Amino acid sequence: MARTDQFQSPDYYLLDELLTDEQKLVRTATRDWVKKEVSPIIEDYYEKAEFPRHLVKGLAEIGAFGPYIPQEYGGAGLDQISYGLMMQEIERGDSGIRSTASVQSSLVMYPIWKYGSEEQKQKYLPKLASGEYIGCFGLTEPDYGSNPSDMITNFKDMGDHYLLNGAKMWISNSPIADVAVVWAKNETGRIYGLIVERGMEGFTAPETHGKWSLRASSTGELVFDNVKIPKENLLPEKSGLGAPLGCLDSARYGICWGALGAAMDCYDSALRYSLERTQFDRPIAGFQLTQKKLSEMLTEITKGQLLAWRIGTLRNEDRATSSQISMAKRNNVEIALKIAREARQIHGGMGITNEYPIMRHMMNLESVITYEGTHDIHLLILGADITGISAFTNYEKKEEAARV
Ligand code: TGC
Ligand code: FAD
């Protein structure tokens with residue numbers, strides 16, 4: 001059943017005063033688009049476990065594909081806070097739709113823009129910005145998720161082309177993608193990004209079924225069986241694990257805003273419901289325990305907004321560190337999930353139905369807390385930054401390598 005979207009965003013600390021007119025304009029335009037195009041259809045697509053592909057055109061039109069990519073390559077040329085606000089509004093609609101925008105912008109356009117040749121930028125970026133091409137990003141493998149540095153996908157130099165072998169798993173949009181940015185090792189074990197195009201012989205992208213989370217997003221594998229890759233498809237300007245991790249910084253930053261969108265939607269719905277629903281002759285909003293829940297939700301949203309705004313400001317100045325981004329992604333996804341669970345309680349039995357967005361957000365956030373680095377990996381990234389000691393096993397391997 002199509003739900004009427006009455007969303008009003010909480011702004012308890014008057015943070016709008018920190019935004020420029022352009023940033024507010026971007027947010028309003030994105031919110032209007034989400035209310036008109038996403039909210040009326042999302043529950044149906046979620047139930048069918050289908051990506052609403054017709055939204056791609058609209059996402060491109062509002063500038064959600066490459067918001068911060070320069071206009072000369074088809075991007076919107078916006079600042080980082082505008083990008084964040086866009087992710088917030090889109091995820092307020094649904095995390096899966098935000099995933100499509102994040103992957104296209106930060107995981108496909110970003111590496112081509114930052115690490116690609118001029119020819120690659122001209123060839124791919126405008127088509128990705130306009131939505132003519134859908135992209136995906138292949139880092140995770142069946143046996144290497146949190147630890148991508150041990151990946152086994154590899155390519156060999158065959159003289160006039162490369163030969164790519166291996167498999168990637170859990171890849172957002174892989175079944176519908178025209179291009180994939182794939183991370184693989186060369187003969188010396190150095191990681192490079194390769195642009196793989198749909199239709200290349202030996203390349204398949206089967207869909208993953210049975211997800212109870214991100215159901216309106218298409219997820220799949222990438223399988224490479226002796227795929228011939230033209231040499232001009234290698235991203236020449238950066239190699240090593242730092243290359244894909246640099247893209248993740250951008251996507252993780254977007255998620256710290258996106259998760260806030262989901263949290264705000266749950267809070268907004270819970271507040272409205274608690275004022276309308278009467279038990280024991282009074283609105284349930286009048287009970288102290290409901291007020292505790294709502295007050296704590298708003299407090300966490302406000303703290304999350306401050307984190308997101310500050311990290312956005314630092315990114316605009318090119319001063320944000322990866323660990324600062326980890327803190328914001330980790331915190332904002334965690335609070336969003338907690339808020340979704342509390343909002344579900346406030347809605348009572350109605351909270352489990354698709355008349356309200358709560359369960360959908362809650363199930364989506366179970367993916368968001370795992371992808372782009374799990375909750376615990378971000379904790380350990382922070383731990384390493386604070387102490388100077390990495391808790392990852394790779395640390396011992398590196399120490400040993402340094403001793404040899
Ligand atoms: P480590 O030794 O720490 O680093 C290796 C090299 O990378 C550099 N580096 C970074 N560079 C840029 N940005 C970052 N965030 C960076 N973090 C590290 C580092 O300086 C080093 O460079 P160099 O030159 O010294 O070699 O590497 P490690 O192997 O110990 O692992 C570190 C760890 C565990 C933090 C990393 O592997 C990690 O983040 N793992 C999590 C994997 C992950 O996040 N996967 C995400 C897959 S994509 C996805 O989920 C998309 S979902 C999309 C959607 O639908 O929205
Ligand atoms: P594992 O790495 O096996 O982790 C399992 C558990 O062990 C976690 O709790 C983890 O925190 C814990 N753990 C692992 N190592 C440590 C450690 N050193 N210390 C303490 N605990 C540890 N990947 C892509 O490349 N591209 C995509 O587009 C993409 N989209 C995705 C979409 C969805 C819906 C999902 C669910 C995932 C997607 N991923 C994608 C993959 C995602 O990034 C991985 O799932 C994630 O990085 C975790 O890897 P894993 O699932 O293999 O878990």
Side-chain angles (χ1 to χ4, degrees), residues 1-3 5 33-60 64-65 87 89-104 107-108 131 133-140 142 145 167-178 180 198 204-223 251 255 258-259 261-263 265-266 269 333 336-337 340-341 343-344 347 350-372 374:
M1 190 187 73
R3 169 176 66 99
D5 187 345
W33 181 79
V34 168
K35 282 194 176 192
K36 185 161 171 271
E37 304 292 342
V38 180
S39 303
I41 55 109
I42 194 65
E43 300 293 349
D44 281 349
Y45 279 85
Y46 205 82
E47 201 168 332
K48 290 189 283 189
E50 189 182 322
F51 172 60
R53 200 172 175 157
H54 67 278
L55 294 182
V56 166
K57 192 165 172 279
L59 280 165
F65 294 155
M87 296 304 107
E89 294 304 317
I90 297 172
E91 190 146 3
R92 212 271 304 165
D94 189 75
S95 305
I97 311 303
R98 196 269 307 136
S99 262
T100 294
S102 297
V103 170
Q104 187 92 343
L107 300 182
V108 181
Y133 278 0
I134 294 288
C136 70
F137 174 90
L139 180 65
T140 306
K168 301 287 177 180
M169 193 180 176
W170 289 118
I171 307 304
S172 297
N173 285 345
S174 81
I176 58 167
D178 303 286
R198 169 190 286 275
T204 47
E207 183 151 14
T208 301
H209 295 286
K211 289 182 298 165
W212 287 113
S213 174
L214 282 196
R215 286 170 65 80
S217 165
S218 175
T219 313
E221 296 167 47
L222 296 171
V223 183
I255 289 176
D265 204 34
C266 292
S269 182
V333 179
L337 201 44
R341 288 173 183 149
R344 217 288 303 145
H347 286 76
M350 290 310 291
I352 70 155
T353 71
N354 66 1
E355 274 190 49
Y356 296 91
I358 315 298
M359 280 296 281
R360 182 169 47 80
H361 283 309
M362 195 194 301
M363 291 194 288
N364 282 339
L365 288 163
E366 290 291 347
S367 285
V368 182
I369 203 163
T370 288
Y371 69 32
E372 303 273 6
T374 69

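Since this is a predicted model, take the numbers as computed values, not measurements.
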Side chain to side chain, Ile90 and Leu59, heavy atoms closer than 4.5 Å
yes
Just checking Glu207: does its CD atom have more than 12 heavy atoms from other residues, nucleotides or ligands closer to it than 6.0 angstrom?
yes
Are more than 12 heavy atoms from other residues, nucleotides or ligands located less than 6.0 Å from atom CH2 of Trp170?
no
Answer whether the closest heavy-atom distance between the side chains of Asp5 and Arg92 falls below 4.5 Å.
yes
Arg360 and Glu47, any side-chain heavy atoms less than 4.5 Å apart:
no
Heavy-atom nearest pair, Ala167 first then Pro142, reads O-CD, 3.6 Å
Let me confirm one number: the CZ-CE distance from Arg341 to Met359, rounded to the nearest 0.5 Å.
10.5 Å
The reported gap from OH in Tyr46 to OG in Ser217 (rounded to nearest 0.5 angstrom) is 9.5 Å
Here the pair of heavy atoms bringing Gly135 nearest to Val103 is O-CG1, 3.7 Å
Nearest-0.5 Å distance that lies between atom CZ in Arg344 and atom CD1 in Ile352
7.5 Å
So do Leu222 and Phe137 actually touch side chain to side chain, heavy atoms under 4.5 Å?
no
Name the residue from Ser95, Ser172, Ser99 that meets the side-chain hydrogen bond (donor to acceptor under 3.5 Å, both in side chains) definition with Tyr371.
Ser99
List the steps and the verdict of salt bridge (Lys or Arg N to Asp or Glu O under 4.0 Å) for Glu366 and Arg215.
CA-CA 12 Å; Glu366 290 291 347; Arg215 286 170 65 80; over 6 Å; no
Does atom NZ of Lys48 have more than 12 heavy-atom neighbours from other groups under 6.0 Å away?
yes
Arg53 side chain reached by Thr100 side chain, heavy atoms, under 4.5 Å:
no
Hey, are the side chains of Ile97 and Ile42 touching, using non-hydrogen atoms and a 4.5 Å cut-off?
yes
Answer yes or no: is there a donor N or O on one side and an acceptor on the other, between the side chain of Asn364 and the main chain of Leu214, under 3.5 Å?
yes
May I ask you to decide if Glu221's main-chain N or O and Ser174's side chain share a donor-acceptor pair within less than 3.5 Å?
yes
